[in-house]
Amino acid sequence: MRFAKSLIPTLREDPADAEAISHRLMVRAGLVRQLAAGIYVYLPLGQRVLDKITAIVREEMNAIGGQEVTLPVLHPAEIWQQSGRWDAIGDEMFRLKDRNGRDMCLGMTHEEVVAWLAAREIRSYRDLPQIWYQIQTKERDEARPRSGVLRTREFLMKDSYTLDLDVAALDRAYAAHKAAYCTIFDRCGVRYLVVESDPGMMGGLGSHEFMAPSAAGEDEVAVCRACGYAANVELARSVPAPPPPATEARVEVATPNAKTIAEVSALLGLEPRRTVKSLLYVAAKAGPVLALVRGDHTLHERKLARLLGEEVRPAHPDEVRGALGAGLGSIGPVGVTVPVVADEALRAGRWVVGANRDGYHLRGVSAGVDFECRFADLHAAVAGEGCPECGAPLAVERVIEIGNIFKLGTKYSVPLGAMVLDEAGKERPIVMGSYGIGPARIAAAAVEQSHDADGIIWPWAIAPFHAHLVLVGARDQAQADAAEAIYRSLWAAGIETLFDDRDERPGVKFKDADLVGLPVRVTVGTALAKGGVVEVRSRRTRAELRVPPGGVVAAVREVAGPG
RNA sequence: CGGGGUGUGGCGCAGCCCGGUAGCGCACCUGCUUUGGGAGCAGGGGGCCGGAGGUUCAAAUCCUCUCACCCCGACCA
């Protein structure tokens, strides 16, 4: 591709509305432009990156027996009503009516359509297993699009669905996907972790997420470097260090104006980990519940919601007073009538808790003695706590979710009637799995993980082109002729090359080459006239070879390194 | 949905507090010079100052409402 006639609008300055590194660089390098919040145009270079990624995805999905299909973007409400998600999903689904007033929606995922299709076309256990996949646009009215291409309202997604007769077969399909995903991300050149995840509203039998470490990530994972335990913090277990043993008797103490853990512990001269944080939540169906975590811990709302099996929200101040008779900052579990759930860390020990009397706390309180409660893992894992598997200290990292895999079970096949007859002639619901990959997130993660002050440094496999051919003296006929010949020889050798044939000053071309970040730069300039050589340089290491024009192809391969 | 911020030529910004009819850098067009890390000089084109009301002799500037976008949080199937 020739730069002079291409749409590669590079920007000298950072766009004002971009914060994340990948966002800034993808806009500056001319890969994408924003049309509206969370809605992006992919320009030629950006499109080529997506094409590279989706080509890898296709190869690996085909390799495990995937069959590519295209499912509609526009769905009738009926199938979503059948699965129950028409009501379960709120504002995040784009809804509309057709001219006849029928309810429709835009597809945010395709379990319903797959189950619908399976219900019609799959009848016998002999038809199983099936793996169907598509690479197609998804629409989700995100509450808050952000970080450029990382969280958008319209995005490309590879989604696949497995259909099996039983859970054992699902486990095999799931394992095949897990392995294929690792191959895909390895080939794309991104670093990632495979972590246990919360199946959330997808429901089902288990799930994993593929997470690319990056400061721009929205999720956090807890990782054990000793044994390999890794989980989303939404679900990660961890073993906090216990506070020193205490034997003090229960006593009420005045704590005027001390409302926060920090204030109470300072007033009493105690470490925060000797106190208990009491939080009143309201569950949608079960009503108020008092959740307890240690003073130095943070309650993870997803963990509470998962424990209760329904969504929760913090209680309003007047609800707190109504249920417990005291204001925020003075509440505790002793003598209350609402159900109490306590974090595992509170099983043993004596604690400082709110007295349910404004301005007072209780010291020396024990779970099971002074109040009754259910124990569960409720606190968010933090770095340094013990690994639940081996006890080594956990690390917590920010990550970008680039893929996920879910064992769905029969959650969609039953309501949509996707049944088969088994060998015994008995009707059974198909056991499903669903699996997603976000190509744009892979691209953004690659940029986040691989860039420098001058621009992007693309991994070879997903770079929009492999080589950036810079013609320094566009008006020097000898240089121009040599560059043309090199351009043809590179393409002939299978090295995809962007030829900067613009009549620009060298500095502009070099800056743009660094910004766009193709793995190898080939410079045709004055060195050609002086020494008969051109320069072949690695974007990543900046190592440079000077070779005669005939040696460029070999030099590009050498400089690019393995892969 | 809560909190914070920003909207002024294509991009990045100043002007707003203290009202007087819009400016800078880059980009763009023409000419000359220049050509290995975002060139110089000269000339030139381009702006409903996000939108709607209001105050005023006069509004980018003050007031009210509204829209859009960004950031933090909530949410994230």
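Throughout, protein chains are lettered first and strands after them, A, B, ... in sequence-line order, and every chain is numbered starting at 1. All values below were derived from every heavy atom in this structure, side-chain atoms included, with hydrogens, water molecules and symmetry-related copies excluded. The model shown is predicted, which means the values in this text are computed figures rather than measured ones.
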> Nearest nucleotide by nearest heavy atom, which residue falls closer to the 5' end of RNA chain B, A:E401 or A:P15?
Replying inline: A:P15

> Less than 4.5 Å apart, any side-chain heavy atom of A:V113 and any of A:I79?
Replying inline: yes

> Side chains of A:F499 and A:E484: does their closest heavy-atom pair fall under 4.5 Å?
Replying inline: yes

Searching all strands shown, indicate the nucleotide that pairs with [N] (Watson-Crick or G-U wobble; both distances under 3.5 Å).
N: B:rA68; result: B:rU6
N: B:rC1; result: B:rG73
N: B:rG43; result: B:rC29

With rounding to the nearest 0.5 angstrom, report the [atom1] to [atom2] distance, [X] to [Y].
X: A:I457; Y: A:D452; atom1: CD1; atom2: CG; result: 4.0 Å
X: A:L156; Y: A:Q134; atom1: CG; atom2: CD; result: 9.5 Å
X: A:S207; Y: A:L408; atom1: OG; atom2: CG; result: 9.5 Å

> Between A:R144 and B:rC72, does any side-chain N or O lie under 4.0 Å from OP1 or OP2?
Replying inline: yes

Please report the distance separating the [atom1] of [N] from the corresponding atom of [M], rounded so that it comes out in whole Å.
N: B:rG10; M: B:rG5; atom1: P; answer: 27 Å
N: B:rU55; M: B:rU61; atom1: P; answer: 15 Å
N: B:rG3; M: B:rG45; atom1: P; answer: 48 Å
N: B:rG37; M: B:rC32; atom1: P; answer: 25 Å
N: B:rA59; M: B:rG50; atom1: P; answer: 15 Å

>> Considering every strand and a 4.0 Å limit on heavy-atom distances, what is the contact class for A:A143: base, sugar-phosphate, or nothing?
In response: base

>> What contact category does A:E218 fall into here, base, sugar-phosphate, or nothing, at under 4.0 angstrom with non-hydrogen atoms?
In response: nothing

>> My understanding is that only residues two or more places apart in sequence, or in another chain, count here; which of them pass side chain to side chain contact (heavy atoms under 4.5 Å, CB included) with A:E196?
In response: A:H208, A:Y229, A:A231, A:L235

> Between A:H75 and A:E112, is any side-chain donor less than 3.5 angstrom from a side-chain acceptor?
Replying inline: no

> What's the shortest heavy-atom distance between A:M93 and A:W86, and which atoms?
Replying inline: CE-CE3, 3.9 Å

>> Within the 4.0 Å limit for protein heavy atoms, which parts of nucleotides 35-51 of chain B are touched? Write it as a string from 5' to 3', B for base, S for sugar-phosphate only, - for none.
In response: BBBBB------------

>> Contact list please: residues 156-163 of chain A against RNA chain B, heavy atoms, distance less than 4.0 Å, in numerical order.
In response: none

